[in-house]
Each structure stands twice: as C-alpha cells, then as structure tokens.
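Remarks on the structure that follows.
Naming convention: chains lettered A, B, ... in sequence-line order (proteins, then strands); numbering from 1 in each chain. None of these values were measured; they are calculated from a predicted model.
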Protein chains: 2
Amino acid sequence: MKENKDNSKVSRLPKVQDENVDFGMMATLTGFSVKMVWILGYSLLSQKMPDPAITPQRVTMLELIGCNPGLAQTQLAHALGLSRPATSLAIDFWQARGVVERRVDQDDRRAFGIHLTKQGQCIWADLRAKVKQSDEILTKRLSEEEIEQLNRLLSKIYS
Amino acid sequence: MKENKDNSKVSRLPKVQDENVDFGMMATLTGFSVKMVWILGYSLLSQKMPDPAITPQRVTMLELIGCNPGLAQTQLAHALGLSRPATSLAIDFWQARGVVERRVDQDDRRAFGIHLTKQGQCIWADLRAKVKQSDEILTKRLSEEEIEQLNRLLSKIYS
DNA sequence: TGCATTAGTTATCGCCACTAACTAAAAATC
DNA sequence: GATTTTTAGTTAGTGGCGATAACTAATGCA
C-alpha cells in the first residue's frame with residue numbers, strides 16, 4: 001500500500017547562486033561542479049520517468065541487460081560496481097514489473113542469464129528515448145561542439 | 001566500538017571498460033559521464049580525508065560555515081539544499097569533533113549562528129588544502145586550459 | 001567420494017536522507 | 001497587552017538502498 005512518494009534519494013541542488021551565501025572554493029572545484037551537474041541530471045531524468053522509482057542507476061542496469069542479453073548476475077554486479085545482493089534486488093525490481101526475466105543457464109544451473117521480456121523490449125525502447133531527451137535537456141545550453149568537448153574531457157578523466 | 005570501516009555510501013565505479021560488457025548508449029551521455037567522474041572524485045576525496053566519515057557533503061558544509069561565519073542553520077540548510085533536521089545532524093557531526101560551535105543569536109534567541117572554533121580554523125585550513133589536492137588529482141590528465149574549459153562548460157550547465 | 005569454490009538469496013545492519021510532531025521564541029493580530 | 005500564528009531548531013520515526021555475513025545449491029577438482 002506504500003505509494004512511493006518522490007523518494008528522490010539525491011539531495012536537492014545546492015543554491016550556489018544565493019547571493020547571501022558564499023560557497024568559497026567549492027565553486028572552483030571540478031569535483032563540485034560535476035556533482036552539481038549530476039544532481040541536476042538525476043532530477044531531470046527522474047522527472048521524465050513514468051515512475052519515480054525508476055532511477056538512473058536502474059536505467060543503467062536495464063541498458064546493460066538490453067545490450068548484453070543473457071548476462072549473469074555476477075557479471076552484471078561487477079560491471080555496475082555493485083554487490084551481488086544489491087544486484088539481485090535491482091533485478092527483482094525490474095522482474096516485478098515484468099521487464100526482465102531470469103533464465104537458468106543450462107551450462108551452469110546455479111546461474112541465471114538475465115533477459116528482457118517481450119514487454120521489456122518496448123519499455124526499454126521507451127526509456128532509452130526518454131533518457132536521451134533528458135540528457136539533451138541537461139546540455140541544452142551547450143552547442144554541439146561544446147557537448148562533444150565536454151564529453152571528451154569527462155571521459156578523459158574516468159576512462 | 002563501531003570502527004567506521006569504509007562505508008563509502010557511493011557505489012564503486014562501474015567498469016565501463018569491461019570488454020565483455022557493453023554499456024550501450026550510457027557511455028555517450030553527459031549525465032552518465034558526469035556521474036562516473038563524480039564517483040571517482042568522491043572516492044579520491046574520501047581517501048585524502050583523515051577520517052572516512054568526512055564526506056564531500058560535509059566538507060562543503062564546513063566550507064560554507066568557514067566562509068559565512070554566523071550563518072543560521074536554516075540558511076545553511078537552504079544553501080545546501082538539505083532539510084533542517086539533516087542540517088542539524090550534520091552540524092552535530094562537526095560539533096562533536098570540536099570543529100564548529102552554535103552561538104545563540106542575541107537578536108533572535110531561537111536561532112544559532114554557526115561558527116568555526118579556534119581548532120576548527122586549523123582543521124578547515126587543512127581540509128581545504130587536501131580538497132584542492134584531491135581535485136588536482138581528479139583532473140591530472142587534463143591541461144590547465146582543458147580544466148578551465150571543463151569548469152566553464154559544467155558551470156554553464158548548472159548556474 | 002569428498003572438499004573447496006562459485007552463483008544467487010536471505011538476513012541484518014548502517015548511513016543518511018525525508019516528514020511529522022514537538023518546544024520555545026518572535027511576530028502579527030486584535 | 002494578551003492571544004494567535006509563524007519560525008528556528010530538535011526529536012522521533014520511516015524509507016531507500018548500499019554493505020557484509022551466512023546460507024543453499026550446483027560445480028569442479030583431487
């Protein structure tokens with residue numbers, strides 16, 4: 001009966017602009033800016049989702065399942081940087097909504113391959129489109145060249 | 001007696017590089033890249049801190065307190081985008097470590113002005129230096145121009 | 001056959017947000 | 001000037017979602 005109010009697990013955006021409050025050095029740090037943009041992106045994405053429980057984290061998982069059909073849970077956990085229990089619960093989430101299914105691996109009957117259901121294919125396609133839109137909204141103040149530049153610099157940092 | 005193991009409340013970095021797992025469209029999204037960099041930055045910063053409980057969020061609060069002495073809790077909450085109870089607890093955290101103190105506002109005796117203690121001044125200075133170093137490590141693969149460019153693009157998004 | 005390993009689940013805990021409800025002080029209303 | 005409403009901060013309770021430890025079942029190697 002619990003109806004999932006906006007449990008936005010990410011803090012609201014700090015008010016760096018508040019003219020009465022000085023953020024000091026924070027505003028000059030790449031790490032801080034990146035966090036601000038992430039919070040903003042998280043919020044934009046959540047708004048676009050049909051259900052506030054569909055978080056960026058869960059969307060990422062769905063993308064991995066969609067792009068790598070039959071992936072085992074442990075591989076999924078590793079790729080996402082999650083513990084196996086957390087991964088298991090996240091799969092439960094999508095399974096409960098009829099989006100993915102666990103198929104026993106015939107070569108190793110302990111393991112499951114995770115697959116999108118027929119219905120899941122549609123939902124995935126829909127969500128992907130929305131994710132893309134939301135990313136476009138996030139970067140709407142930048143030109144095409146600036147977006148490319150930004151993505152290049154960011155991936156230089158983390159890859 | 002609980003000894004605060006690495007309770008890194010932020011997921012470990014996803015393994016985008018895993019050659020067996022395709023991240024699909026995620027790798028092309030600014031929102032995703034930004035999250036990756038943030039997780040990385042969070043982890044780098046946490047490592048530099050003398051106590052793993054000193055998180056980026058708490059450092060941000062300390063910076064605000066240091067740069068805006070006497071700020072009331074409600075203003076602090078607003079600037080940080082936090083609820084008042086959460087802010088109150090975060091202040092408790094620093095107060096318990098002798099870093100900040102609550103001084104009753106003589107004009108409004110319901111309110112507290114938050115100030116750094118003498119000792120807090122030193123700790124603040126030390127942490128700021130470490131934060132700066134950690135941000136430099138985060139961006140070490142980028143040139144000075146690239147860092148400026150990156151910060152400019154990021155702040156264009158969120159300000 | 002038997003023991004160590006591995007996939008996944010269950011149980012438990014911890015952190016840190018949130019809202020609701022409370023106290024005390026201040027401001028507004030009459 | 002007494003009463004009501006609002007505001008600052010705290011306390012209590014809830015929830016999400018990570019983590020680890022302990023468990024079951026299947027596998028693999030001696």
Item to complete: Would you kindly give the CG-to-C1' distance between A:Leu89 and D:dG16, to the nearest whole Å?
Response: 11 Å

Practice prompt. Could you go through the salt bridge (charged side-chain N to carboxylate O under 4.0 Å, His left out) check for B:Lys140 and B:Glu136 one step at a time?
Written response: CA-CA 6 Å; B:Lys140 67 169 185 285; B:Glu136 282 163 8; over 6 Å; no

Worksheet item: Below 4.0 angstrom from OP1 or OP2 of D:dA8, is there any side-chain N or O of B:Arg102?
Response: no

Discussion item. Strictly below 4.0 Å, N to O, side chains only: are B:Glu146 and A:Lys156 in salt-bridge contact?
Written reply: yes

Practice prompt. Look at the side-chain N and O atoms of B:Thr74 and state whether any lies under 4.0 Å from the OP1 or OP2 oxygen of D:dT7.
Written response: no

Discussion item. Could you check whether any side-chain heavy atom of A:Asp105 comes within less than 4.5 Å of a side-chain heavy atom of A:Phe112, counting everything from C-beta outward?
Written reply: no

Worksheet item: Looking at A:Ser83, does any N or O in its side chain come under 4.0 Å of the phosphate oxygens OP1/OP2 on D:dA19?
Response: yes

Fill in: Geometric class of the A:Tyr158/B:Phe32 ring pair [parallel <30°, tilted 30-60°, perpendicular >60°]
perpendicular

Worksheet, complete the sentence: Separation of D:dG9 atom P from B:Leu82 atom CG, nearest Å, is 14 Å

Worksheet item: Quick one: A:Asp92 CG to D:dG16 P, roughly how many Å, whole number?
Response: 15 Å

Worksheet item: Whole-Å distance between C:dC16 P and B:Tyr42 OH?
Response: 7 Å

Discussion item. In this structure, how many angstroms lie between the C1' atom of C:dG8 and the NE2 atom of A:His78, rounded?
Written reply: 17 Å

Fill in: Nearest-nucleotide 5' precedence on DNA chain C, A:Ala72 against B:Arg58
A:Ala72

Discussion item. Is there a side-chain contact between A:Gln57 and the phosphate of D:dG16, meaning an N or O under 4.0 Å from OP1 or OP2?
Written reply: no

Worksheet item: When the distance from CZ of A:Arg84 to P of D:dC23 is rounded to whole Å, what number comes out?
Response: 15 Å

Practice prompt. Quickly work out the A:Arg103 CZ to C:dG8 C1' distance and round it to whole Å.
Written response: 18 Å

Worksheet entry | Any A:Arg12 side-chain nitrogen or oxygen under 4.0 Å from OP1 or OP2 of C:dA17 | no

Worksheet, complete the sentence: Side-chain atoms of A:Pro85 come closest, of D:dG9, D:dT20, C:dA20, to D:dT20

Fill in: All side chain to side chain contact (heavy atoms under 4.5 Å, CB included) counterparts of A:Leu89, not counting sequence neighbours
A:Asp92

Pairs under 3.5 angstrom, nitrogen or oxygen only, protein versus nucleotides 24-27 of chain D, please.
from: D:dT27; atom 1: OP1; to: A:Arg109; atom 2: N; distance (Å): 2.9
from: D:dT27; atom 1: OP2; to: A:Arg109; atom 2: NH1; distance (Å): 3.2

Response to the item:
Hits for side-chain hydrogen bond (donor to acceptor under 3.5 Å, both in side chains) against B:Lys15, two or more places apart or cross-chain, chain-then-number order -> none

Discussion item. Rounded to whole Å, how long is the line connecting atom CD1 of B:Ile91 with atom C1' of D:dT11?
Written reply: 15 Å

Discussion item. Within the 4.5 Å heavy-atom criterion, are B:Trp124 and B:Ile65 side-chain neighbours or not?
Written reply: no

Worksheet entry | Minimum-distance nucleotide to A:Thr55 side chain [options: D:dA19, D:dC17, D:dA12] | D:dC17

